[in-house]
Amino acid sequence: MAEVMSLTEAVSTFVSDGDIIALEGFTHLIPFAVGHEIIRQGRRDLTLVRMTPDVLYDQMIGAGCARKLIFSWGGNPGVGSLHRFRDAVEHGWPRPLEIEEHSHAGMAARYVAGASGLPFGVLRGYSGTSFADYTDTIAEIICPFTGERLTAVPALRPDVGVIHAQQADRHGNIGLWGIQGVQKEAVLSAARSIVTVEEIVDVLDSRVTVTLPSWVVSAIAVVPGGAHPSYAHDYSERDNGFYVAWEEIARDRETFTSWADEFIVRRQSAGVL
Amino acid sequence: MAEVMSLTEAVSTFVSDGDIIALEGFTHLIPFAVGHEIIRQGRRDLTLVRMTPDVLYDQMIGAGCARKLIFSWGGNPGVGSLHRFRDAVEHGWPRPLEIEEHSHAGMAARYVAGASGLPFGVLRGYSGTSFADYTDTIAEIICPFTGERLTAVPALRPDVGVIHAQQADRHGNIGLWGIQGVQKEAVLSAARSIVTVEEIVDVLDSRVTVTLPSWVVSAIAVVPGGAHPSYAHDYSERDNGFYVAWEEIARDRETFTSWADEFIVRRQSAGVL
Amino acid sequence: MSEASADEIMTVVAARELKDRVVCFVGIGLPSTAANLARRMHAPNAVLVYESGTIGAKPTRPPLSIGDGELADTADAVVSVPEIFSYWLQAGRVDVGFLGAAQVDRFGNINTTVVGDYRMPKVRLPGAGGAPEIAASAKETFIMLRQSSRAFVCELDFCTSVGNHEGGDSRDALGMTGGGPSVIITDIGVLRPEAVTREFVLTALHPGRTEAEAIAATGWPLRISEQLTATDPPTEAELSTLRALKAGVA
Amino acid sequence: MSEASADEIMTVVAARELKDRVVCFVGIGLPSTAANLARRMHAPNAVLVYESGTIGAKPTRPPLSIGDGELADTADAVVSVPEIFSYWLQAGRVDVGFLGAAQVDRFGNINTTVVGDYRMPKVRLPGAGGAPEIAASAKETFIMLRQSSRAFVCELDFCTSVGNHEGGDSRDALGMTGGGPSVIITDIGVLRPEAVTREFVLTALHPGRTEAEAIAATGWPLRISEQLTATDPPTEAELSTLRALKAGVA
């Protein structure tokens, strides 16, 4: 049964050094507030899982939280590179970053397998590409009926799944709508989960398309704007200006560090950049 | 792009003798009107696919449309047996019925594989049961990462998928809500599809939770009440009395035949029993 | 209030097995009635999951089918049928699978497929539905059926859903993630598996029932637990709630 | 109206490739702009599919990301990311996959992963995203990128997405269900695969461009089609619509 608690308590209770943690949200509903709280609490050696490690993971990698990244697309959407991610991969700063690289379809199949209690997922993918030369978690599998060769990928089973949603109701049921991404799978594949919401309501909005019952969620924290500079459909707009500005903030180590110090570390409460 | 046509035309255009056809709807939204039209048009040698071949398939089997049944639960929900199904299996009347029997989870995995363009689906199922002694379409598959033994089932790829939905919009997009069943998968796994709807609207209702774009549907027929004695959430109630009455209608060959003659064959238009 | 019928006692006893806050995957018929009775008595926060994809349904009366509209209207979430089996049942999120049966054997294996030979059946039953994977993946399974020597058989004609398989640790060897059957509730009494053999033995008798009746209604040599207990009769509250529930007014 | 820029010509030419009613899986950036231009010109019924799960999106301006809220607001259907890849792309429902690239080789194979050694990269690029399976499963693929000898390479540093593989029928031998790349649209001209070798050759030059320019901007010995054509310059309507689209007013 989901417990409503502060963002600080949710992260200190459910996130530990060394955890495998998936903060999901596909452009929409990215749980920035939780990521920032993880940075503030100084978590280390995390394995970060995310299909699109965009600006949030750039920040967490630059802040030294991550030992490893499992991902399928690491860029600043519509803008360019993730400079902190590149600096870690290209120069090992602030620490070397191990990577496990997949395609979106492969990552999606891995989340689905995790949420389904299966050890692996199957897809038509990766044939002829270079992925398997560098990624262990890709294997061939043969259809027992047709003899076709397909690809198997192992289930993702994070220790912690983190998402942002528009609403929780008084019973702790979570509701979200708009672009759904892999939010449901991030929670259902994980051993524990943290959900930040824009607000708690008496009855979930009729626009809700994805519902997560209270009993599959560990902690709910009310953090209005907790997805900024991402957005919550019908609550806020994507702050495209921030994504464009990130290019300059992240390009240089010192600029990044002083930005992170001012806008993440010294903020007592998250939710506003 | 979905074409709006009469029920008669939809069935005569898209259903042929010998087809593999899936009429889906999980208690809710069962496409009775299409099944009745198939009976009226005298289709033969069909392979009928359906997780819960309830009263509708009892009627189609009793009317002699079916050569084979692929299914996972053949009963009259909450009432008892399907006497026409039993008569076909136990005594070959009106003709022998080949059966391919699965569990719900297996059938669901088969539809998902079909809708996904995969040759097979994987599940934790059937171990230790008698299914594989009588059903060819169950095979062992080994996880290439953990060595675990799991079960593979081949994709379902019907020639025709048939569902009933609450609404189509003017562009031919289909919207339904309430219990979703495997409606989406029945359409997306099939080569062709027929959708009957309660009505055509300018804009789909905000309660819609499953949308099928016009371009994945072959034909739309407007048949209000086309799910009766099943129901369309927010349009009609399940006619539980009819399901109870079916027990007596179907028990006897002659009673069934005269009922079918009166209420299916001699009805010019379907949609009302 | 009139005397409790055998079915009513069975339903009340089954309801008592369900703890509050349990996530229960419910088959239609007697299990659904028992689960809904539990929710109205001591388990108001029990989460009822139906294979139609309704999670947390709160029906006002026992539904005739697992797809009645009221289940969707009162559910916390409605998901597709593929999802209910993959993300919810197979993933191990169900605490208790609540199943009926046509035949059961001494290890709690279930047949709901055929009586007689599969290819030339004496009686063709509805088949599996969701039961095989409920029996495989739920943390534990409750089985509920009327006890008779035709139902409690030495050997199943078809194994639809695996219980404790061939006893001992044979179930574990099948690689199942769920724990298997922990109780069989009948109109005569209650059976539970012995610790090591995993064979079901009689552990409780309902009011007015005898060991001899239970033995006569069992197709295998039924053993009686040394700790055989007597079932507490249904309370007035249980019985009146059950009757109101079935009348659609609870 | 001012002269068309090289990027504008490339975008207009790419848009012309899209037929009406086509189902197009669109990558962000130039492909998205081209697809939206097509929808405003000759292909009003083109169905745009974005990997964020929006099917039939009708954005009023080119989105900055594939997850902008307007895509969901204007879509015919919004599905989960796993579903967009399984039920829609992998199932073969996409006619055209529209991809960008950092590097491309003579067979239309694409690298968007690294420049240099994978483990010690000179430049770490964003990686695959949806491209490998778009390239595998779409009925055909359009590739769009600026032509230069750094981008049009003899050998990819990493093969992210397979085109015509090693040429000939080598792609078919991989068991892919999609047809592979049918055109590469650049700022200089258009390349299409030869019938048998499946090697991309120059088939059209944009206004003012020369064969020599194209050859110099290609890292492999680029061959020129015997049927080399000249690209029709952008029309006033194309150019004004493109500019209005980018300004968010089309």
Side-chain angles (χ1 to χ4, degrees), chain B residues 25-28 51-52 54 71-82 85-86 88-90 101-109 111-112 115 123-131 133-134 148-150 177-185 209-210 230-231 233-234 237-238 240 243-244, chain C residues 28-29 32 50-54 62-69 71-73 78-86 89-90 109 111-114 118-137 156-162 165-166 170-171 174-177:
Chain B
F26 207 84
T27 308
H28 179 215
M51 292 181 67
T52 56
D54 55 4
F71 78 111
S72 43
W73 192 84
N76 183 347
V79 179
S81 286
L82 295 178
F85 159 65
R86 284 184 56 180
V89 172
E90 295 170 10
E101 186 160 5
H102 279 267
S103 67
H104 276 357
M107 284 291 280
Y111 273 120
V112 168
L123 73 158
R124 297 184 183 278
Y126 300 104
S127 309
T129 70
S130 306
F131 284 91
D133 297 344
Y134 305 101
E148 274 176 277
R149 290 165 191 280
L150 295 116
W177 65 94
I179 288 171
Q180 305 167 21
V182 285
Q183 324 288 87
K184 183 182 258 188
E185 290 76 14
T209 53
V210 176
S230 170
Y231 70 107
H233 206 117
D234 292 325
E237 296 281 321
R238 189 169 190 270
N240 285 338
Y243 282 91
V244 173
Chain C
I28 210 64
S32 175
Y50 289 86
E51 63 193 15
S52 54
T54 54
L64 183 66
S65 85
I66 43 74
D68 279 13
L71 296 177
D73 279 334
V78 179
V79 303
S80 74
V81 166
E83 182 179 322
I84 203 74
F85 283 102
S86 56
L89 176 62
Q90 182 174 264
N109 302 301
N111 174 19
T112 54
T113 303
V114 287
Y118 183 82
R119 294 205 174 84
M120 296 282 285
K122 265 187 268 186
V123 183
R124 173 64 228 197
L125 301 165
E133 286 74 26
I134 296 173
S137 295
L156 301 180
D157 291 333
F158 185 103
C159 180
T160 314
S161 304
V162 174
H165 195 43
E166 296 166 358
S170 64
R171 178 187 166 95
L174 294 173
M176 288 183 177
T177 50

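Heavy-atom basis, side chains included; hydrogens, waters and symmetry copies ignored. In what follows, chains carry the letters A, B, and so on, assigned in the order in which the sequence lines appear, proteins first and then strands, with residues in each chain numbered from 1. Predicted model, so just to flag it, every value in this text is computed and none were measured.
With a threshold of 4.5 angstrom between heavy atoms, C:Ser80 approaches chain B through its backbone and through its side chain. With a 4.5 angstrom heavy-atom cutoff, C:Asn111 does not touch chain B via any of its atoms. Using a 4.5 Å cut-off between heavy atoms, C:Glu83 does not touch chain B at all. Looking at B:Met107, neither its backbone nor its side chain comes within 4.5 Å of chain C, counting heavy atoms on both sides. For B:Tyr111, no part lies near chain C; criterion is any non-hydrogen pair under 4.5 Å. Heavy atoms of C:Thr177 lying under 4.5 Å from chain B belong exclusively to its side chain. Interface remark: C:Pro132 contributes side-chain atoms only to the contact with chain B (heavy atom separation under 4.5 Å). Heavy atoms closer than 4.5 Å to chain C are found in the backbone of B:Asp133, but not in its side chain.
The line from CG of B:Asp234 to CG of C:Asp73 is 6.5 Å long, rounded to the nearest 0.5 Å. Summarising the geometry, atom SG belonging to C:Cys159 is positioned 13.5 Å from atom OH belonging to B:Tyr126; distances are rounded to the nearest 0.5 Å. Atom CD of C:Glu133 is separated from atom CZ of B:Arg124 by 12.0 Å, given to the nearest 0.5 angstrom. Between atom CD1 of residue B:Ile179 and atom CG of residue C:Asp68 there is a gap of 7.5 Å, rounded to the nearest 0.5 Å.
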Practice problem: Please assess B:Leu82 against C:Arg124 for the test side-chain contact (heavy atoms from CB on, under 4.5 Å), listing each intermediate value before the final yes or no. | Solution: CA-CA 9 Å; B:Leu82 295 178; C:Arg124 173 64 228 197; over 6 Å; no
Quiz item: Could you go step by step and tell me if B:Thr27 and C:Ser52 meet the side-chain contact (heavy atoms from CB on, under 4.5 Å) rule?
Solution: CA-CA 8 Å; B:Thr27 308; C:Ser52 54; 5.8 Å; no
Quiz item: Can B:Leu123 and C:Gln90 be said to form a side-chain contact (heavy atoms from CB on, under 4.5 Å), step by step?
Solution: CA-CA 8 Å; B:Leu123 73 158; C:Gln90 182 174 264; 3.5 Å; yes
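Contact count versus chain B (heavy atoms, under 4.5 Å) is highest, among C:Ser86, C:Ser32, C:Pro121, C:Ala136, for C:Pro121. The choice from C:Gly129, C:Gly69, C:Pro82 that makes the most heavy-atom pairs within less than 4.5 Å of chain B is C:Gly129. The candidate from B:Ala109, B:Gly181, B:Ser230, B:Gly178 with the greatest count of non-hydrogen atom pairs under 4.5 Å with chain C is B:Gly181. Ranking B:Gly78, B:Ser81, B:Ala105, B:Gly125 against chain C, the residue ahead of the rest is B:Ala105, based on heavy-atom pairs under 4.5 Å. Considering only heavy-atom pairs separated by less than 4.5 Å from chain C, the leading option among B:Gln180, B:His28, B:Glu90, B:Glu185 is B:Glu90. Heavy-atom pairs under 4.5 Å with chain C were tallied for B:Glu237, B:His104, B:Arg149; the largest tally goes to B:His104. The residue among C:Thr54, C:Thr112, C:Val123, C:Leu89 with the most heavy atom pairs within less than 4.5 Å of chain B is C:Val123. Taking chain C as the reference chain and counting heavy-atom pairs below 4.5 Å, the highest number among B:His102, B:Arg86, B:Lys184 is found for B:Arg86. Heavy-atom pairs under 4.5 Å with chain C were tallied for B:Gly75, B:Ala108, B:Ser72, B:Gly80; the largest tally goes to B:Ser72.
A side chain to side chain contact (heavy atoms under 4.5 Å, CB included) with B:Glu101 holds for exactly one of C:Val114, C:Thr113, C:Thr160; it is C:Thr113.
Nearest heavy-atom pair across C:Gly127 and B:Trp73 is O-CD1, 3.7 Å.
Other residues, nucleotides and ligands place more than 12 heavy atoms under 6.0 Å from the CD atom of B:Glu148.
The aromatic rings of C:Tyr118 and B:Tyr134 lie parallel to each other, their planes meeting at an angle below 30°, with 60° marking the opposite boundary.
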